[in-house]
Amino acid sequence: MSRDPLHIKTSGSEFPLILGRDVSGTIMECGLDVKYFKPGDQVWAAVPPWKQGTFAEFVVASVNEVSFKPKSLSHTEAASIPYVTLTAWAALVNSCGLSKEKCPGKRVLILGSSGGIGTSSIQLLKAWGAHVTAVCSGNAFTLMKDLGADDIIDYKVAPLEDQLKTRDQFDVILDNIGGTNEALALQFLKPWSGATYVTLVTPFLYNNDQLGIADGMMRTGVTLASKVFKHYYKGIHYRWGFFTPSGPALDEVGELVDAGKIRPVIEEIFPFSKVPQAFQKLEAGHARGKTVIQVTDPEK
């Protein structure tokens, strides 16, 4: 509906839909009102889900979604960063109110720290001076240390709650896993101090798929309101985080990349001809950073 609700631009089916959110490449053409960019510029971006995606040789993006690619990265490396980092940015900055000025001294717990969003969150928070506790399985410990995590918890060794009881309370919990983890908020966040629990796993899409737009939105609103009030009554802020495209945010991220404070974490690169295999890999879970689709041969 949000793409073309009245079928003004298209008629019949809108398929095939193009998947993919991240892009890094060269500008081919600019709209008449675009002044900041020009053809030939090397840029990166993450396009919103209501637009056609980026698994293609040509991508259309709005000027406010685009930023100059960091000079220190190749296009393949750069393509691994925008979507996950902007999702982390939306959760930590937009939902939790964190910033470069407010992070020093803050204690942040990241649940599901070894995937794309988790690895991006660790680097962003450490660049801003926060204390980061990462929760992952034991085989990701080396990666977590390399990214700068101050404390690492293996959730397979003992119940997570038992391990958290031996640590100081947190100012922020970023939940990339969902499930029963929100119960941790009332136990391990500092009450009545502005502490925030933010989850990226919400029932928004599920409710809309099952109930339709109207009923789904209503159910989602009731669910969110009840959780917000439940936690606020205990002195905790409860938030949902959603990816938000932002060229200005990517400008800041690019500066951190070129300063060596954020680096790409790529688990595997697939050629364009093997997109289905890339999705099969993602569906298996337990990611260690990002999977990248290389649409064109960088040597050509």
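Worth knowing before you read on, the calculation uses all heavy atoms, side chains too, and leaves out hydrogens, waters and symmetry mates.
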Subject >> Minimum heavy-atom distance between S121 and I110, given as atom pair plus value >> reply: CB-CD1, 3.8 Å
Original post:
Is the shortest distance from a Lys or Arg side-chain nitrogen in E182 or K227 to a carboxylate oxygen in the other one below 4.0 Å?
Top reply: yes
**OP:** Give, for atom CD1 of I153 and atom CG of L109, the distance between the pair rounded to the nearest 0.5 Å.
**Re:** 6.0 Å
Subject >> Joint cluster assignment, V108 & V135, ILVMFWY side-chain distance < 4.5 Å >> reply: no
**OP:** Determine the minimum heavy-atom distance between A61 and V66, stating which atoms define it.
**Re:** CB-CG2, 3.8 Å
Subject >> Side-chain heavy-atom pair M217, I213 within 4.5 angstrom cut-off >> reply: yes
Original post:
Which atom names give the shortest non-hydrogen contact between V198 and S95, and what distance separates them?
Top reply: CG2-CB, 3.9 Å
Original post:
Looking at Y83, is R21 sitting on its ring face, NZ or CZ under 6.0 Å from the six-membered ring centre and within 45 degrees of the normal?
Top reply: no
Original post:
Which is it for L147 and Q123 under the side-chain contact (heavy atoms from CB on, under 4.5 Å) test, yes or no, and what are the steps along the way?
Top reply: CA-CA 6 Å; L147 296 178; Q123 295 184 85; 3.7 Å; yes
Subject >> Under-4.0 Å salt bridge between D150 and K126 >> reply: yes
Original post:
Are L189 and L186 grouped together when hydrophobic residues (ILVMFWY) are joined by side-chain heavy atoms under 4.5 angstrom apart?
Top reply: yes
**OP:** Please test R167 against D151 for side-chain contact (heavy atoms from CB on, under 4.5 Å), starting from the C-alpha separation and ending with a verdict.
**Re:** CA-CA 10 Å; R167 291 163 167 85; D151 189 11; 2.5 Å; yes
Original post:
Between W44 and V23, is any pair of side-chain heavy atoms under 4.5 Å apart?
Top reply: no
Original post:
Stepwise, does the side-chain contact (heavy atoms from CB on, under 4.5 Å) test hold for E161 with Q187?
Top reply: CA-CA 9 Å; E161 289 188 30; Q187 299 180 63; 3.4 Å; yes
**OP:** Mind checking the NE2-OH spacing from H237 to Y232? Nearest 0.5 Å is all I need.
**Re:** 6.5 Å
Subject >> Any donor-acceptor N or O pair under 3.5 Å, side chains T76, Q294 >> reply: yes
Original post:
Would you find a donor on one side and an acceptor on the other, under 3.5 Å apart, between the side chain of S246 and the backbone of T244?
Top reply: no
Subject >> Under 3.5 Å: donor-acceptor pair, side chain of D41, backbone of I27 >> reply: no
Original post:
Going by an N to O cut-off under 4.0 Å, is there a salt bridge joining K51 and E65?
Top reply: yes
Original post:
Hey, do the aromatic rings of F229 and Y238 have their centres closer than 6.0 Å?
Top reply: no
Taking distance alone, no hydrogens or angles, what donor-acceptor pairs closer than 3.5 Å link side-chain atoms of residues 138-146 to residues at least two apart or in another chain?
unit_1, atom_1, unit_2, atom_2, d
N139, OD1, S137, OG, 2.8
N139, OD1, R288, NH2, 2.5

Original post:
How many angstroms lie between atom NZ of K261 and atom CG of L256, to the nearest 0.5 angstrom?
Top reply: 6.5 Å
**OP:** Please say whether more than 12 non-hydrogen atoms of neighbouring residues, nucleotides or ligands are located less than 6.0 Å from CZ in R219.
**Re:** no
Subject >> Contact summary for N176 and G112, nearest pair of heavy atoms >> reply: ND2-O, 3.1 Å
**OP:** Would you kindly confirm whether I152 and V172 end up in one hydrophobic cluster when ILVMFWY residues are joined by side chain heavy atoms under 4.5 Å apart?
**Re:** yes
Original post:
Distance-only, no hydrogens or angles: does the R107 side chain make a donor-acceptor pair with backbone N or O of Q169 under 3.5 Å?
Top reply: yes
**OP:** Heavy atoms only: give me the nearest I122-A149 pair and the separation to one decimal.
**Re:** CG2-N, 4.1 Å
**OP:** Please confirm whether the backbone N or O of S74 pairs with a side-chain atom of E77, one donor and one acceptor, at under 3.5 Å?
**Re:** yes
**OP:** Please answer whether the main-chain N or O of E255 pairs with a side-chain N or O of D258 as donor and acceptor at a distance below 3.5 Å.
**Re:** no
Original post:
Tell me, do L73 and P264 make a side-chain contact under 4.5 Å, heavy atoms counted?
Top reply: yes
Original post:
Should the ring pair W128 and W89 be called parallel, tilted or perpendicular, given that the plane angle runs from 0 to 90° and is split at 30 and 60?
Top reply: perpendicular
Contacts under 3.5 angstrom, residues 273-280 side chains, donor-acceptor by atom type, not counting sequence neighbours:
none

**OP:** Determine, for D22 against K290, whether the closest basic-nitrogen to carboxylate-oxygen distance falls under 4.0 angstrom.
**Re:** yes
Original post:
Side chains of V257 and R263: closer than 4.5 Å at any heavy-atom pair?
Top reply: no
Original post:
Quick one: SG on C103 to CG on L92, what's the gap to the nearest 0.5 Å?
Top reply: 7.5 Å
Original post:
Should L174 and F243 be regarded as members of a common hydrophobic cluster, given that ILVMFWY residues are connected when their side-chain heavy atoms come within less than 4.5 Å of each other, either directly or indirectly?
Top reply: yes
Subject >> T26-Q42 side chain donor-acceptor pair, cut-off 3.5 Å >> reply: yes
Original post:
Rounded to the nearest 0.5 Å, what separation is found between the CG atom of L184 and the CG atom of L111?
Top reply: 6.0 Å
Subject >> Minimum side-chain heavy-atom gap K190-F170 below 4.5 Å >> reply: no
Subject >> Short side-chain to backbone donor-acceptor contact, S62 and N64, under 3.5 Å >> reply: no
Original post:
Quick one: NE2 on H231 to OG on S226, what's the gap to the nearest 0.5 Å?
Top reply: 9.5 Å
**OP:** May I ask you to test the P82-L250 pair for a side-chain heavy-atom distance under 4.5 Å?
**Re:** yes
Subject >> Shortest non-hydrogen contact from V295 toward T54 >> reply: CG2-O, 4.3 Å
**OP:** Run the numbers on F188 and Y197 for ring pair (Phe, Tyr, Trp, His ring centres under 6.0 Å), then give the verdict.
**Re:** CA-CA 10 Å; F188 301 109; Y197 167 88; over 10 Å; no
Subject >> Stepwise side-chain contact (heavy atoms from CB on, under 4.5 Å) test for K69 and H75 >> reply: CA-CA 8 Å; K69 179 186 72 68; H75 284 299; 3.4 Å; yes
Original post:
Tell me, do W240 and T223 make a side-chain contact under 4.5 Å, heavy atoms counted?
Top reply: yes
**OP:** Kindly work out whether a path of hydrophobic side-chain contacts (I/L/V/M/F/W/Y, heavy atoms less than 4.5 Å apart) joins L200 to F204.
**Re:** no
